[in-house]
Amino acid sequence: MTPTLLSQHTPLSPVAWAIPRVDFALRLALYPAPDRRAVVDGAWWPCSRNAAAELPPLIAAVDQRLGRTILRIGVYRDAWQHIPRRIPARGRQVRVGWFRHSDPRVITLVFATGEPIALLLIPPDTAAGTAEAALKLTAQDTTGLATDDILILASLPPDPAIHATSRAGTTDSPARWENEGGSVIAQKASTSDTPASAPA
């Protein structure tokens with residue numbers, strides 16, 4: 001049976017949000033209540049680490065699923081290759097920013113309206129059974145669980161491609177990207193390390 005695809009402009013009804021959303025063909029899971037308070041709002045299992053190839057279908061799928069328009073995407077720099085600055089999408093250019101002071105296991109999607117959402121990034125080389133279990137888990141309510149808890153429950157191993165981890169207690173705002181003027185943290189450190197000039 002072929003699933004019915006929603007039109008780009010078809011709004012989702014409240015009833016539609018009552019159904020967990022796991023699409024194994026798109027390798028994408030979204031929790032049915034996007035305004036909840038949780039560390040992630042779903043999961044994504046890309047086929048590769050090529051951001052230029054993987055992000056366009058993700059943008060199209062999430063736009064259609066949520067009936068919202070993605071304007072920006074935030075990724076962890078060392079988790080990806082070939083990161084473009086902009087990605088053409090329907091009627092717009094989606095800006096892509098990267099961080100080195102955020103959780104490497106999460107990708108952030110910022111919309112024209114509403115709160116951003118965070119997706120758990122399942123490494124591309126993860127075994128199918130393990131990845132599908134993670135997709136199913138993140139389509140449920142994970143409120144109160146940390147990212148590490150979700151990884152343990154889904155039996156996801158550490159990602160060997162990512163050697164750096166996020167700094168404890170450090171997060172970058174989605175509005176300030178490292179590739180657009182430098183890290184806020186780096187700028188603050190630079191300012192504090194610069195001695196004040198002596199009065200003339």
Side-chain angles (χ1 to χ4, degrees), residues 5-12 21 23 26-31 34-124 138 147 159 161-167 169-191:
L5 294 178
L6 294 172
S7 159
Q8 179 76 14
H9 302 289
T10 303
L12 290 175
R21 298 280 175 165
D23 191 323
L26 294 174
R27 296 156 64 117
L28 174 67
L30 289 172
Y31 184 74
D35 60 343
R36 69 196 170 93
R37 302 297 180 213
V39 67
V40 293
D41 304 285
W44 179 43
W45 180 28
C47 296
S48 73
R49 296 186 184 277
N50 183 337
E54 299 292 338
L55 292 178
L58 174 68
I59 292 167
V62 174
D63 276 1
Q64 184 179 62
R65 183 77 58 81
L66 299 184
R68 296 165 67 190
T69 302
I70 297 174
L71 293 184
R72 303 181 78 161
I73 295 181
V75 300
Y76 184 77
R77 176 66 182 89
D78 296 336
W80 295 95
Q81 302 163 351
H82 311 296
I83 302 175
R85 286 185 175 273
R86 296 177 186 272
I87 296 175
R90 183 167 180 163
R92 68 195 187 281
Q93 295 278 324
V94 177
R95 298 173 72 179
V96 181
W98 51 262
F99 304 114
R100 280 201 172 101
H101 299 287
S102 61
D103 192 329
R105 302 158 297 185
V106 173
I107 181 170
T108 304
L109 309 179
V110 180
F111 300 91
T113 59
E115 292 293 320
I117 67 170
L119 297 178
L120 177 69
L121 181 62
I122 302 172
T138 55
T147 307
D159 188 346
I162 300 174
H163 301 291
T165 58
S166 58
R167 288 185 179 180
T170 299
T171 57
D172 282 348
S173 163
R176 296 179 177 176
W177 313 102
E178 286 193 13
N179 61 329
E180 294 177 6
S183 166
V184 176
I185 297 162
Q187 289 173 3
K188 287 181 179 176
S190 174
T191 303

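Atom CH2 of Trp98 sits about 6.5 Å away from atom CZ of Arg77, to the nearest 0.5 Å. For the atom pair CD (Gln64) and CZ (Arg90), the distance works out to 9.5 Å, reported to the nearest 0.5 Å. Rounding to the nearest 0.5 Å places CD of Glu54 at 3.5 Å from OG of Ser48. Between the OG1 atom of Thr69 and the CG atom of Leu109 there is a distance of 12.5 Å, given to the nearest 0.5 Å. Note that CZ of Phe99 is 6.5 Å distant from OG1 of Thr108, once rounded to the nearest 0.5 Å.
In this structure, Thr138 and Ala43 approach most closely via the heavy-atom pair OG1-CB, 3.1 Å. Taking each heavy atom of Ala112 and Leu71 in turn, the nearest pair found is CA-CD1, 3.5 Å. Taking both residues in full, the closest heavy atoms of Ala51 and Pro56 are given as O-CD, 4.0 Å, listed atom of the first, atom of the second, then distance. In terms of heavy-atom proximity, Pro46 sits nearest to Trp80 at CG-CH2, 3.8 Å.
Looking only at distances, no side-chain donor or acceptor of Asp41 sits under 3.5 Å from a matching main-chain atom of Tyr31. Under the 3.5 Å distance criterion, the side-chain polar atoms of Trp44 are left unmatched by any main-chain donor or acceptor of Ala29. The closest donor-acceptor contact from the side chain of Gln81 to the backbone of Arg49 lies at 3.5 Å or more, if one exists at all. Of the possible donor and acceptor atoms, one in the side chain of Asp63 sits under 3.5 Å from a partner among the backbone N and O of Ile70. Of the possible polar contacts, none joining the Arg105 side chain to the Leu120 backbone as a donor-acceptor pair under 3.5 Å is found.
A search for side-chain contact (heavy atoms from CB on, under 4.5 Å) contacts involving Ala53 returns Asn50, not counting sequence neighbours. Qualifying side-chain contact (heavy atoms from CB on, under 4.5 Å) partners for Ala61, counting only residues two or more places apart in sequence or in other chains: Leu26, Leu28.
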Apply the test side chain to side chain contact (heavy atoms under 4.5 Å, CB included) to residues Leu119 and Leu58: give CA-CA distance (whole Å), side-chain angles for both, the deciding distance (0.1 Å), then the verdict. CA-CA 11 Å; Leu119 297 178; Leu58 174 68; 4.2 Å; yes
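Contact check for Val94 versus Arg92: side-chain heavy atoms found under the 4.5 Å cut-off. Under the 4.5 Å side-chain criterion, counting only non-hydrogen atoms from C-beta, Val62 is not in contact with Arg68. The closest side-chain heavy-atom distance from Phe111 to Leu66 is below 4.5 Å.
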